[in-house]
Amino acid sequence: EVQLVESGGGLVQPGGSLTLSCAASGLRFSNYAIGWFRQAPGKEREGVAAISNEDDHTYYVASVQGRFTLSSDRAKKTVYLQMNSLKPEDTAVYYCAAARQGDPLVIVAITDSREMDSWGKGTLVNVSS
């Protein structure tokens, strides 16, 4: 059974930084792409960024490009989302999800959760002064 566990969320002031982690188990990590999604209060879930563990290809949506950075540690089966220059509009519950042989560009545009193979339970990021 594939399991994903997010961690690293919390309260941070505008302009601050946080690093989220997505620890995976029950899968051949190198065969999967990991996507990060977020859902703000009263809004639809949206894709944020994704990374392929087959070729390290990444994709970021325009609103986080240049501020967020993905990295992957295959030995630990963990993907990290480094978030810098955080804004109040980044406040949301952040979820990671896995897709076998997924394309990062396609993943961030997903609106149906069934298109991903597994989801974590999320971690809350609150950007507030």
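All heavy atoms count here, side chains included; hydrogens, waters and symmetry mates do not.
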In Å and rounded to the nearest 0.5 Å, what is the [atom1] to [atom2] distance from [X] to [Y]?
| X | Y | atom1 | atom2 | answer |
| --- | --- | --- | --- | --- |
| Thr58 | Ile34 | OG1 | CD1 | 14.0 Å |
| Ser17 | Leu86 | OG | CG | 6.0 Å |
| Arg45 | Asp112 | CZ | CG | 8.0 Å |
| Leu18 | Thr123 | CG | OG1 | 8.5 Å |
| Gln101 | Asn53 | CD | CG | 12.0 Å |
| Ile51 | His57 | CD1 | NE2 | 10.0 Å |

Side chain proximity check, Tyr59 to Ile107, heavy atoms < 4.5 angstrom: no
For [X] against [Y], the heavy-atom pair lying closest together:
| X | Y | answer |
| --- | --- | --- |
| Ala40 | Thr91 | CB-O, 3.5 Å |
| Phe37 | Gly47 | CD2-CA, 3.5 Å |
| Gly102 | Ala33 | O-CB, 3.5 Å |
| Lys121 | Tyr95 | O-CE2, 3.4 Å |
| Leu27 | Lys77 | O-NZ, 3.0 Å |
| Ser21 | Thr78 | CB-CG2, 4.1 Å |

Using a 6.0 Å cut-off, check whether atom CD of Glu89 has over 12 heavy atoms from anything other than its own residue. yes
Between Trp36 and Phe68, is the ring centre distance below 6.0 Å? no
Please list all pairs meeting salt bridge (charged side-chain N to carboxylate O under 4.0 Å, His left out) that have one or both residues in residues 56-69, counting only residues at least two apart or in different chains. Asp56-Arg74, Arg67-Asp90
Can [Y] be reached from [X] by stepping across I, L, V, M, F, W or Y side chains whose heavy atoms are under 4.5 Å apart?
| X | Y | value |
| --- | --- | --- |
| Tyr80 | Leu4 | no |
| Met116 | Tyr94 | no |
| Tyr32 | Leu105 | yes |
| Leu70 | Val61 | yes |
| Val108 | Ile110 | no |

Charged N to carboxylate O below 4.0 Å: is that the case for Arg38 and Glu46? yes
Check step by step if side-chain contact (heavy atoms from CB on, under 4.5 Å) holds for Glu6 and Leu20. CA-CA 7 Å; Glu6 304 94 338; Leu20 305 184; over 6 Å; no
For a quick check under 3.5 Å, do Ser129 and Gln13 share a side-chain donor-acceptor pair by atom type? no
Quick one: side-chain contact (heavy atoms from CB on, under 4.5 Å) partners of Arg28, sequence neighbours excluded? Ser30, Asn31
